[in-house]
Protein chains: 2
Amino acid sequence: MSRTPLHPTREQIDLPLVLDCLSDPIRLAIVYQLAQQERVSSELCCGDFNGLSGKSNLTYHFAKLRECGLMLTRVAGTNRFMRLRREDMDARFPGLLDAVISSAAKDADRLQLLPECEVVEAD
Amino acid sequence: MSRTPLHPTREQIDLPLVLDCLSDPIRLAIVYQLAQQERVSSELCCGDFNGLSGKSNLTYHFAKLRECGLMLTRVAGTNRFMRLRREDMDARFPGLLDAVISSAAKDADRLQLLPECEVVEAD
DNA sequence: CCCTATGTTCAACGTTTATTGAACTATCGA
DNA sequence: TCGATAGTTCAATAAACGTTGAACATAGGG
């Protein structure tokens, strides 16, 4: 029951499914937060997202993000650690994830995202 | 009743709404087809999409695409001509539209898109 | 002026979605 | 061993979504 959940292979990743996943404000916030964490090359666990919604609702959104191939869950004791499937996404749809994340960053206020770091945009 | 339909201003364009719009296979196909047409700097009318679904269903999808700011409709006689709001999208979310379209191009077969031209990808 | 072609509107429908709370499982530390 | 912590599962619900067909509006050509 606590085995590592299923993820699609790289080739199975489907564009409409990915876009649908990213179109939900809560899931977009999760992805955005994971992208921030990427720079520290570390992971986040479920509890780090408790601000976004209730635990049971988050479990639902995590499953969606996993099933569409956007993120990866690693089980460690009573924790689940998650990170973006950056390499697979970049190989499958080059530039897409970055474009979405920097678009989200531009609208961080409107989307109620934590401005954890400054925007990645260079001039 | 046949006045030009409402479109959001550039600033009103909302990321989750845009992604949601693009996540539907029919709407993605419409956007893809409009993007192909962009190179000829011309427009397409409703009838050009009849292969994708029934007329009444297309009207529904066109409305969604308009309301989220992805495309623009111009009424001319008994026809409606449509094109992408390329400038607004690029200003609002730089790189997003291109990333989605070239991702769709990569999966043209799987998404049942017409391979109207070869893929834009350069090496 | 009628007929046709183009596209919209509306109501109906079945499906999928996001959200909730309560009950549950599993792991860790005292 | 007990209790707290982390997260899942499940059933229920309300809202939104995509699709359909029939009826309608409008413009252009014979």
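In the text below, chain A, chain B and the rest are named by the order of the sequence lines, each starting its count at 1.
- Judged purely by atom type and a 3.5 angstrom limit, A:Glu43 has no side-chain atom pairing as donor or acceptor with the backbone of A:Arg74.
- You'll find that the side chain of B:Lys64 is closest to D:dC17, out of D:dT19, D:dC17, C:dT6.
- Comparing D:dG18, C:dA5, D:dT9 against the side chain of B:Thr78 picks out C:dA5 as the nearest.
- Rounded to an integer number of Å, the gap from A:Ile30 CD1 to C:dA18 P is 11 Å.
- A straight line from CD of A:Glu67 to C1' of D:dT8 spans 14 Å, rounded to a whole angstrom.
- Rounding to whole angstrom units, CG of residue A:Asn50 and C1' of C:dT19 are separated by 16 Å.
- Between B:Leu52 atom CG and D:dT20 atom P the separation is 12 Å, expressed in whole Å.
- The side chain of B:Lys55 has C:dG7 as its nearest neighbour among C:dT19, D:dG7, C:dG7.
- Between the side chain of A:Asn79 and the main chain of A:Phe81, no donor-acceptor pair closer than 3.5 Å is present.
- Comparing D:dC17, D:dG7, C:dG7 against the side chain of B:Asp20 picks out D:dC17 as the nearest.
- Residues A:Val18 and A:Met89 are in side-chain contact: their nearest non-hydrogen atoms beyond the backbone lie under 4.5 Å apart.
- The 5' end of DNA chain C is approached more closely, in terms of each residue's nearest nucleotide, by A:Ser53 than by the other of A:Ser53 and A:Ala76.
- With hydrogens and angles left out, the side chain of B:Ser56 and the base of D:dG21 share a donor-acceptor pair within 3.5 Å.
- Residue contacts shown for A:Gly47 are limited to sugar-phosphate atoms, with no base heavy atom under 4.0 Å away.
- Rounded to an integer number of Å, the gap from CZ of B:Arg74 to P of C:dT6 is 17 Å.
- If you take CZ of B:Phe81 and C1' of C:dG7, they are 12 Å apart, rounded to a whole angstrom.
- No donor-acceptor distance shorter than 3.5 angstrom exists from the side chain of B:Arg27 to the backbone of B:Lys64, with no hydrogens or angles considered.
- Residue B:Gln112 places its CD atom among 12 or fewer non-hydrogen atoms of other residues, nucleotides or ligands, all under 6.0 Å distant.
- Residue B:Cys46 places its side chain closer to C:dG7 than to any other of D:dT5, C:dC10, C:dG7.
- Remark: B:Asn79 is in phosphate contact with C:dG7, judged by side-chain N or O atoms under 4.0 Å from OP1 or OP2.
- Distance CG (B:Asn57) to P (D:dG18): 9 Å, rounded to an integer number of Å.
- In this structure, CZ of A:Arg80 is placed 10 Å from P of C:dA26, rounded to the nearest angstrom.
- Side-chain atoms of A:Leu113 and A:Leu28, non-hydrogen and from C-beta on, never get closer than 4.5 Å to each other.
- Across all strands, A:Ile26 comes closer than 4.0 Å only to sugar-phosphate atoms, never to a base (heavy-atom distances).
- Counting only heavy atoms from C-beta on, B:Tyr60 has its side chain closest to D:dC17 among C:dT6, D:dT8, D:dC17.
- Using a 4.0 Å heavy-atom criterion, one finds that A:Gly77 contacts the sugar-phosphate atoms exclusively.
- Nearest to the side-chain atoms of B:His61 among the listed nucleotides C:dG7, C:dT19, D:dT19 stands D:dT19.
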